[in-house]
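The chains referred to below are lettered A, B, ... by the order of the sequence lines, with proteins before strands, and numbering in each begins at 1. In this text, all values refer to a predicted model and were calculated from it rather than measured experimentally.
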4 protein chains.
Amino acid sequence: MSNDWRDFGPDPLSPPLRAALGVFVRHGYHGASIRTIAEAAGLSVPGLYHHHRSKQAILAAVVDAAMQEMLDHTRAADAAAEGDSPVGRFENIVEALARFHMARRDHAFVASTEMRSMEPATRAHHVRQRDEQQRMIEDAIRAAVATGDFSCPHPEDAARAVSSLCVSIASWYRPGGPLSPDEIVERHLVFARGIAGATTA
Amino acid sequence: MSNDWRDFGPDPLSPPLRAALGVFVRHGYHGASIRTIAEAAGLSVPGLYHHHRSKQAILAAVVDAAMQEMLDHTRAADAAAEGDSPVGRFENIVEALARFHMARRDHAFVASTEMRSMEPATRAHHVRQRDEQQRMIEDAIRAAVATGDFSCPHPEDAARAVSSLCVSIASWYRPGGPLSPDEIVERHLVFARGIAGATTA
Amino acid sequence: MSNDWRDFGPDPLSPPLRAALGVFVRHGYHGASIRTIAEAAGLSVPGLYHHHRSKQAILAAVVDAAMQEMLDHTRAADAAAEGDSPVGRFENIVEALARFHMARRDHAFVASTEMRSMEPATRAHHVRQRDEQQRMIEDAIRAAVATGDFSCPHPEDAARAVSSLCVSIASWYRPGGPLSPDEIVERHLVFARGIAGATTA
Amino acid sequence: MSNDWRDFGPDPLSPPLRAALGVFVRHGYHGASIRTIAEAAGLSVPGLYHHHRSKQAILAAVVDAAMQEMLDHTRAADAAAEGDSPVGRFENIVEALARFHMARRDHAFVASTEMRSMEPATRAHHVRQRDEQQRMIEDAIRAAVATGDFSCPHPEDAARAVSSLCVSIASWYRPGGPLSPDEIVERHLVFARGIAGATTA
DNA sequence: TATGAATGAGTCTTCATTCAT
DNA sequence: AATGAATGAAGACTCATTCAT
């Protein structure tokens with residue numbers, strides 16, 4: 001993982017979970033019936049229950065897998081900039097985030113959209129993961145401010161704004177669209193630097 | 001409306017629609033039962049149906065009211081900057097958007113979150129309204145680029161980013177939170193100028 | 001009435017009852033909603049209730065009007081054959097029955113079809129009217145048997161068969177169809193004579 | 001089937017369908033609630049839905065089973081008269097029809113009564129089956145006219161009258177009534193020959 | 001391991017009917 | 001005489017889940 005944080009391999013979700021994800025994306029958690037999910041997975045209903053305890057457990061598994069993968073990649077991106085300037089760390093993290101929201105657009109969409117459908121424990125776990133990710137951005141901004149590379153009076157707000165911006169990619173990006181992932185990354189790096197108050201071109 | 005685009009009066013939604021909005025926010029469209037909505041509205045179920053043809057019609061009414069109010073205020077904010085520099089237009093529009101997403105946080109949240117729950121006609125209408133709003137931002141950016149106030153190679157992407165940023169306010173802002181609306185507006189104006197590549201302080 | 005038992009004037013049903021009849025025919029009693037009936041009548045729902053106590057009362061009124069008109073015409077047809085041979089009585093009654101089931105096809109259809117939807121009292125009344133009508137046929141047959149014009153070992157069964165035959169006209173006859181009412185009458189007179197065992201052409 | 005067209009074994013309907021049939025007979029299709037049907041079948045509501053897709057599908061299954069059985073028996077009765085005079089064919093068909101409307105009185109009643117409650121496709125199928133049956137009678141009559149056994153100027157109308165007569169048995173016959181099925185058959189053969197204009201005793 | 005059958009509780013929606021105005 | 005607003009009960013149907021096989 002240390003070097004390939006830019007690459008997302010095939011979806012690691014098990015077939016039933018991937019099927020569930022598709023249904024969640026199209027209909028939302030409450031609009032998705034166990035029957036529809038089972039059909040999409042090519043399983044009978046009890047067959048699906050053999051793999052997962054409940055519909056809620058399916059949601060938790062999908063969301064946790066997504067958040068783990070996101071954290072893995074952003075952490076690796078951060079680590080890969082070890083020794084670089086804080087700006088390099090910031091840019092790596094943003095790039096990892098942006099790439100994740102394209103490569104795993106459905107996963108990210110469901111994770112951000114279905115918070116209210118999660119049971120308290122699941123939701124708390126999810127929020128913790130999201131906060132950790134956001135703090136990584138914030139830390140990088142603070143470091144860059146310390147070196148004078150960024151001029152940013154409110155690093156926490158800027159981090160949230162950058163994060164929101166990357167998350168929102170998942171709601172409009174379509175593979176095969178007019179812009180390539182590389183172009184989208186490039187442009188969002190510019191936006192993110194603008195939000196963080198980069199002082200140099 | 002010409003001068004008071006910054007102010008949002010009391011929620012114009014009828015009591016049943018306001019009640020429905022609250023349930024939609026907490027549980028999502030599919031998670032909201034007509035029974036729950038009726039209870040929240042202090043009506044019997046058929047009493048609710050007396051006012052609205054279907055659950056879907058309730059969603060459409062709520063979303064359309066929200067989008068109309070958003071468009072009214074952003075248009076007025078744009079018009080109020082008539083004669084100003086393009087930057088003034090841009091800032092007015094962004095401020096109107098930000099204020100809307102705080103004053104009508106629930107409305108905006110449901111409108112942006114429940115697109116997949118809308119029937120095709122409703123969704124198409126909604127998308128048209130959203131696109132018009134986004135084009136207002138884009139036009140202002142292009143004008144500011146023409147005057148040299150902004151340096152922005154991709155105005156359409158920047159407009160989407162600015163719009164996404166304002167929309168995302170609705171998902172974390174709480175009245176009575178640590179920041180006042182005025183502070184939030186101020187900070188988001190800075191973020192938005194950063195995204196659009198403002199060349200001057 | 002004494003002479004014009006062959007003619008059926010305009011439908012004597014009040015407009016709301018006529019509207020209800022149409023809905024009953026198309027959807028059946030249970031499939032007909034008060035709202036649909038009110039709409040068909042051009043009335044509001046309470047407006048309809050102003051004229052009739054309940055949906056059941058509407059059915060009773062429609063059915064009773066139909067049966068009364070049927071009895072009026074068959075009695076008059078019978079009376080008009082006073083002094084004729086029993087065969088003349090028989091034929092007059094059958095003709096009246098056949099003509100009624102064409103002229104008031106919807107009324108007759110509902111009356112015969114919705115017996116199970118009538119409350120006990122209404123149903124009992126209806127059955128009494130139907131039995132009286134059937135006995136008129138039976139009496140005529142018996143009289144014709146006594147004169148040797150008919151050869152019929154079971155007049156009661158024959159009367160029921162003749163009655164059923166006339167009732168069934170209502171379920172296929174359409175005004176403007178290939179056969180004129182006069183032709184249909186003529187042919188059913190032949191069938192009825194066949195059922196009753198007429199011994200002469 | 002070749003020899004036993006006179007006998008109707010135990011009702012071939014599955015228990016849930018038989019239960020539904022009973023409820024349809026008593027209350028009509030629209031008056032029959034799925035709850036009542038399920039109770040009559042000794043099932044829960046979803047248990048009933050496990051076996052049948054919808055209330056309409058239940059009606060279609062019941063009606064089609066009835067019409068199939070009717071066609072099977074009348075065809076067999078017709079075939080059994082192979083080589084006989086046309087009058088023999090005619091009598092066999094009528095007897096099969098009459099017996100069917102006694103042995104399967106509820107099935108026949110619902111099939112003829114609930115045409116308006118069938119969805120278009122189901123209704124079309126039903127009408128086709130009914131027409132085929134009626135044409136069998138018509139053909140037999142025409143053949144008997146050709147041999148001079150019947151004198152009947154309008155075979156199509158006579159066939160419809162004979163058919164209606166047999167169908168109407170289902171609306172008054174009760175097992176254990178004053179007349180045995182054999183007696184009823186005998187009398188209806190006489191009526192049918194009368195309608196068709198039989199020239200010989 | 002996998003599934004046909006089952007279910008209590010819930011879904012959205014409509015029912016016939018009433019009443020204040 | 002007419003209606004907008006309301007409702008308890010019921011409509012057909014589906015839910016997530018279980019269990020015997």
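Remark: Arg123(C) pairs with no residue by the salt bridge (Lys or Arg N to Asp or Glu O under 4.0 Å) rule, at least two apart or across chains. Under the rule for a ring pair (Phe, Tyr, Trp, His ring centres under 6.0 Å), the partners of Tyr29(A) that lie at least two apart in sequence or sit in another chain are Phe24(A). Residues passing the salt bridge (Lys or Arg N to Asp or Glu O under 4.0 Å) test with Arg116(D), sequence neighbours excluded: Glu114(C). In this structure, His51(D) has no side chain to side chain donor-acceptor pair (under 3.5 Å) partners at least two apart in sequence or on a different chain. Take Ala65(B) and apply the side-chain contact (heavy atoms from CB on, under 4.5 Å) test, not counting sequence neighbours, and it matches Leu13(B). For Asp131(B), there are no salt bridge (Lys or Arg N to Asp or Glu O under 4.0 Å) partners at least two apart in sequence or on another chain.
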- Query: According to the Watson-Crick and G-U wobble definition with distances under 3.5 Å, which dot-bracket string, read 5' to 3', encodes DNA chain F, using [ ] for crossing pairs and | for pairs with another strand?
  - Reply: .||||||||||||||||||||
Just list the side-chain donor-acceptor pairs under 3.5 Å for residues 30-40 of chain D, sequence neighbours left out, or say none.
residue, atom, partner, partner atom, Å
Ser33(D), OG, Arg35(D), N, 3.3
Ser33(D), OG, Thr36(D), N, 3.0
Ser33(D), OG, Thr36(D), OG1, 2.8

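Only at 4.0 angstrom or more do the heavy atoms of residues 18-27 of chain B sit from any atom of DNA chain E, so none qualifies.
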Which pairs, protein N/O on one side and nucleotides 12-15 of chain F N/O on the other, fall under 3.5 Å?
residue, atom, partner, partner atom, Å
dA12(F), OP1, Ala32(D), O, 3.0
dA12(F), OP1, Lys55(D), NZ, 2.8
dA12(F), OP2, Ile34(D), N, 2.8
dC13(F), OP2, Tyr49(D), OH, 2.7
dC13(F), OP2, Lys55(D), N, 3.0
dC13(F), O5', Tyr49(D), OH, 3.1

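Here the straight-line distance linking atom CG of Leu43(C) with atom OH of Tyr49(C) works out to 13.0 Å at 0.5 Å rounding.
Among pairs with a residue in residues 46-71 of chain D, those fulfilling salt bridge (Lys or Arg N to Asp or Glu O under 4.0 Å) read Glu69(D)-Arg104(D), at least two apart in sequence or across chains.
Extent of DNA chain E lying under 4.0 Å from chain C heavy atoms, first and last nucleotide in 5' to 3' order, is dC15(E) to dC19(E).
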- Show your working on side-chain contact (heavy atoms from CB on, under 4.5 Å) between His125(A) and Val63(A) and close with a plain yes or no. CA-CA 10 Å; His125(A) 180 58; Val63(A) 168; over 6 Å; no
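Nucleotides of DNA chain E nearest to Ser44(D) and His51(A) differ in position, and the one nearer the 5' end is that of His51(A).
In this structure, the side chains of Asp11(A) and Asp106(A) stay at 4.5 Å or more apart for every pair of heavy atoms.
Here the closest heavy-atom approach between residue Met118(B) and residue Gln56(B) is recorded as CA-OE1, 3.4 Å.
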